[in-house]
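Note on naming: letters A, B, ... go to the chains in the order of the sequence lines (proteins, then strands), and numbering restarts at 1 for each one. Worth knowing before you read on, the calculation uses all heavy atoms, side chains too, and leaves out hydrogens, waters and symmetry mates.
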There are 2 protein chains.
Amino acid sequence: MVGRMQCSPTGPRKGRARLTGRTGRPRSAAADAAILDATRAALVELGWGKLTMGDVAARAKVAKTTLYRRWAGKNELVLDAVAVLFDELELPDRGSLKDDIEGVVLQFAALLARPETKTALMAVVAESTTDDALRTRIREAVVERQKRLVVQGRQRAQRRGELPPDGGGPEGAAAAARSVDLIFDVIAGAVVHRALVSGEPVDAAWAARFTTLLLAGLGGLETRD
Amino acid sequence: MVGRMQCSPTGPRKGRARLTGRTGRPRSAAADAAILDATRAALVELGWGKLTMGDVAARAKVAKTTLYRRWAGKNELVLDAVAVLFDELELPDRGSLKDDIEGVVLQFAALLARPETKTALMAVVAESTTDDALRTRIREAVVERQKRLVVQGRQRAQRRGELPPDGGGPEGAAAAARSVDLIFDVIAGAVVHRALVSGEPVDAAWAARFTTLLLAGLGGLETRD
DNA sequence: CTCTTTCGCTACGAGTCGTAGCGTAACTCT
DNA sequence: AGAGTTACGCTACGACTCGTAGCGAAAGAG
């Protein structure tokens with residue numbers, strides 16, 4: 001849960017709800033789950049544009065005011081509702097870097113094929129271009145969390161000898177971090193663009209050709225296909 | 001202009017406004033320009049989310065009804081307002097494939113750095129996930145039009161001997177088309193993701209490292225950086 | 001001069017937003 | 001048990017936006 005608002009603006013202590021030092025009626029965890037489920041359901045049926053706070057409240061069977069007590073608005077609510085879906089992504093060891101990349105590409109594509117994910121992700125990013133706080137939260141809730149997949153796949157490939165090890169010292173670590181960022185942007189960006197902008201399927205054949213390009217570069221792609 | 005509505009639902013002929021066979025008062029081309037300029041200005045100041053049709057009409061000094069006579073809604077209007085910006089992209093011959101790619105990446109990044117472009121592009125794509133007609137129009141107005149850059153750069157590289165020529169026959173042509181699609185998704189996707197999702201600058205250093213990755217693959221990137 | 005279409009303007013019902021106010025429910029601490 | 005604190009459901013509200021209808025006037029075609 002990234003987007004929760006402060007619980008008690010007047011409260012003297014800032015501990016979390018279930019910890020000591022917090023008095024008063026606690027927030028209903030069931031309401032949280034119901035609201036986020038309702039948000040995802042509304043995204044599926046209505047899409048971002050026609051989703052309204054009142055509709056979500058009605059689906060979740062809570063008062064509209066309860067929504068506004070917990071989230072500042074539609075942007076934050078929808079972000080929280082879809083961010084958790086990205087944590088389902090995994091990187092099972094398939095034995096080679098190529099197979100690892102193809103696997104995660106297809107997983108990511110399956111996630112983006114879900115209607116609630118695609119309509120919400122792009123819309124929230126669009127809103128974030130005029131809302132710095134939202135952009136920071138997207139980075140924390142989605143982008144930085146999922147870079148773990150790149151880090152993990154890269155480490156595995158280095159252990160296998162498929163990629164050279166990191167250079168030593170602080171420069172080496174900085175270069176490794178830049179590489180992770182770059183690779184993440186390339187993989188995530190390409191899949192998102194293919195799926196949502198070009199609007200064509202990310203299937204096994206595309207994943208294979210993309211992975212070939214990523215591993216061998218343009219020259220390697222052209223000689224194979 | 002992609003998103004114009006039919007001019008005369010009752011008209012017997014379907015020719016354009018300025019052609020013969022069209023009677024009545026013609027639409028004001030000046031109003032068109034004023035509306036699209038006003039739309040871009042409103043996007044800069046308000047962003048997609050807070051832009052309203054009434055506001056655009058007031059800025060353009062036309063009646064709100066005039067907007068609805070020409071565009072079905074906000075989606076179509078904004079798409080038309082920003083699609084033309086993408087036609088400014090060029091691919092000057094810088095002598096090598098690497099320099100050509102870096103050049104177009106930086107141009108594209110500069111375009112995405114403009115507030116009206118980034119807020120509108122992502123929002124319209126988000127809306128297109130629940131609106132097939134809009135998705136088709138985005139493809140026609142933006143995606144397919146800009147693939148010319150990939151085609152042109154690829155042909156140049158083949159002439160220079162930096163990339164192998166296309167295979168012969170229909171299979172070769174189909175493979176070439178798939179390669180163009182793939183490369184376009186990778187380049188455009190990576191730049192968009194870096195600029196808008198990761199929210200970090202697409203500068204010359206990033207463009208150089210991205211191009212290295214694209215040309216040589218993951219192995220080539222890691223040994224250099 | 002007539003026909004056709006567009007234009008500006010006003011007005012409208014419908015829908016959404018985000019908040020305020022109130023009484024009640026739930027939990028903590030003394 | 002009682003007092004204090006916080007969350008909840010509900011209602012109501014002004015402000016705003018939407019998209020359309022209806023009107024008379026303007027601009028071009030034949």
Side-chain angles (χ1 to χ4, degrees), chain A residues 1 4-35 38-39 42 46-78 127 131, chain B residues 4-35 38-39 42 46-78 127:
Chain A
M1 296 304 168
R4 203 63 53 74
M5 296 181 73
Q6 294 292 346
C7 298
S8 55
T10 62
R13 312 198 184 134
K14 58 176 182 176
R16 295 225 318 259
R18 290 292 174 192
L19 297 181
T20 62
R22 189 81 162 76
T23 73
R25 176 177 178 175
R27 287 192 170 169
S28 162
D32 252 42
I35 291 170
T39 303
L46 306 173
W48 164 270
K50 297 182 180 174
L51 179 145
T52 66
M53 298 292 273
D55 187 88
V56 171
R59 287 172 191 258
K61 289 172 180 148
V62 299
K64 194 173 59 164
T65 45
T66 298
L67 282 186
Y68 284 104
R69 287 191 186 102
R70 306 190 183 197
W71 287 276
K74 188 168 151 176
N75 294 339
E76 291 78 8
L77 171 61
V78 169
E127 290 298 308
D131 182 343
Chain B
R4 203 62 54 75
M5 295 182 73
Q6 294 291 347
C7 297
S8 56
T10 60
R13 311 196 185 137
K14 59 177 183 176
R16 296 224 318 258
R18 291 292 175 191
L19 296 181
T20 61
R22 189 80 162 76
T23 73
R25 177 178 177 175
R27 289 192 171 170
S28 163
D32 253 41
I35 291 170
T39 304
L46 306 174
W48 164 271
K50 297 182 179 173
L51 179 145
T52 66
M53 298 293 272
D55 187 88
V56 171
R59 286 171 193 259
K61 289 171 179 149
V62 299
K64 194 172 60 163
T65 45
T66 299
L67 282 186
Y68 284 104
R69 287 190 186 102
R70 304 188 184 198
W71 287 276
K74 189 168 150 177
N75 294 339
E76 291 77 7
L77 171 61
V78 170
E127 290 297 308

Chemist: Specify the residue among A/G73 and B/A63 whose closest nucleotide of DNA chain C lies further upstream toward the 5′ end.
Modeler: B/A63
Chemist: Taking CZ from A/R69 and C1' from D/dT6, how many angstroms apart are they, rounded to a whole number?
Modeler: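 Taking atom C1' of D/dT6 as the reference, CZ of A/R69 is at 10 Å.
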Chemist: Between P on C/dT28 and CZ on A/R27, what's the gap in Å once rounded to a whole number?
Modeler: 16 Å
Chemist: Whole angstroms only, please: what is the CD-P distance between A/E76 and C/dC17?
Modeler: 14 Å
Chemist: What's the shortest heavy-atom distance between B/M53 and B/G73, and which atoms?
Modeler: CE-C, 3.9 Å
Chemist: Within this structure, what is the OG1-CZ distance for the pair B/T39 and B/R59, rounded to the nearest 0.5 Å?
Modeler: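 CZ of B/R59 is found 9.5 Å from OG1 of B/T39.
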Chemist: Tell me whether the OP1 or OP2 atom of C/dG8 has a side-chain N or O from B/T66 closer than 4.0 Å.
Modeler: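 Yes, B/T66 has a side-chain N/O under 4.0 Å of OP1/OP2 on C/dG8.
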Chemist: Expressed as a whole number of angstroms, how long is the span from B/K50:NZ to D/dC18:P?
Modeler: 14 Å
Chemist: Where the side chain of B/T23 is concerned, which of C/dT5, C/dG8, C/dG18 is the nearest nucleotide?
Modeler: C/dT5
Chemist: Distance check, rounded to the nearest 0.5 Å: A/N75 atom CG versus A/W48 atom CH2?
Modeler: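 Result: 4.0 Å between the selected atoms.
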Chemist: For B/G24 and for B/K74, locate the closest nucleotide of DNA chain D by heavy-atom distance; then report the residue assigned to the nucleotide nearer the 5' terminus.
Modeler: B/K74
Chemist: Taking OH from A/Y68 and P from D/dA7, how many angstroms apart are they, rounded to a whole number?
Modeler: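 Value for this atom pair: 18 Å.
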Chemist: Between A/R25 and B/K64, who's closer to the 5' end of DNA chain D by nearest nucleotide?
Modeler: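 Nearer the 5' end of the strand: A/R25.
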Chemist: Rounded to the nearest angstrom, tell me the gap between atom CG in B/N75 and atom P in D/dG19.
Modeler: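 For the pair B/N75 CG and D/dG19 P, the rounded distance is 9 Å.
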Chemist: Among the nucleotides D/dC18, D/dT6, D/dA7, which one has an atom lying closest to any side-chain atom of B/T52?
Modeler: D/dC18
Chemist: What is the separation between atom CG on B/L67 and atom P on C/dT6, rounded to the nearest whole Å?
Modeler: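 For the pair B/L67 CG and C/dT6 P, the rounded distance is 15 Å.
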Chemist: Closest approach of B/L77 and B/I35, non-hydrogen atoms and distance?
Modeler: CD1-CG2, 3.7 Å
Chemist: Side-chain contact, heavy-atom cut-off 4.5 Å: A/D32 with A/R27?
Modeler: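 Of all side-chain heavy-atom pairs linking A/R27 with A/D32, none is under 4.5 Å.
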Chemist: Nearest to the B/T65 side chain among C/dG8, C/dG18, D/dT11, which nucleotide is it?
Modeler: C/dG8
Chemist: Check the distance between D/dC16's C1' and B/L46's CG and give it to me in whole angstrom.
Modeler: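 Atom-to-atom, B/L46 to D/dC16, this comes out as 14 Å.
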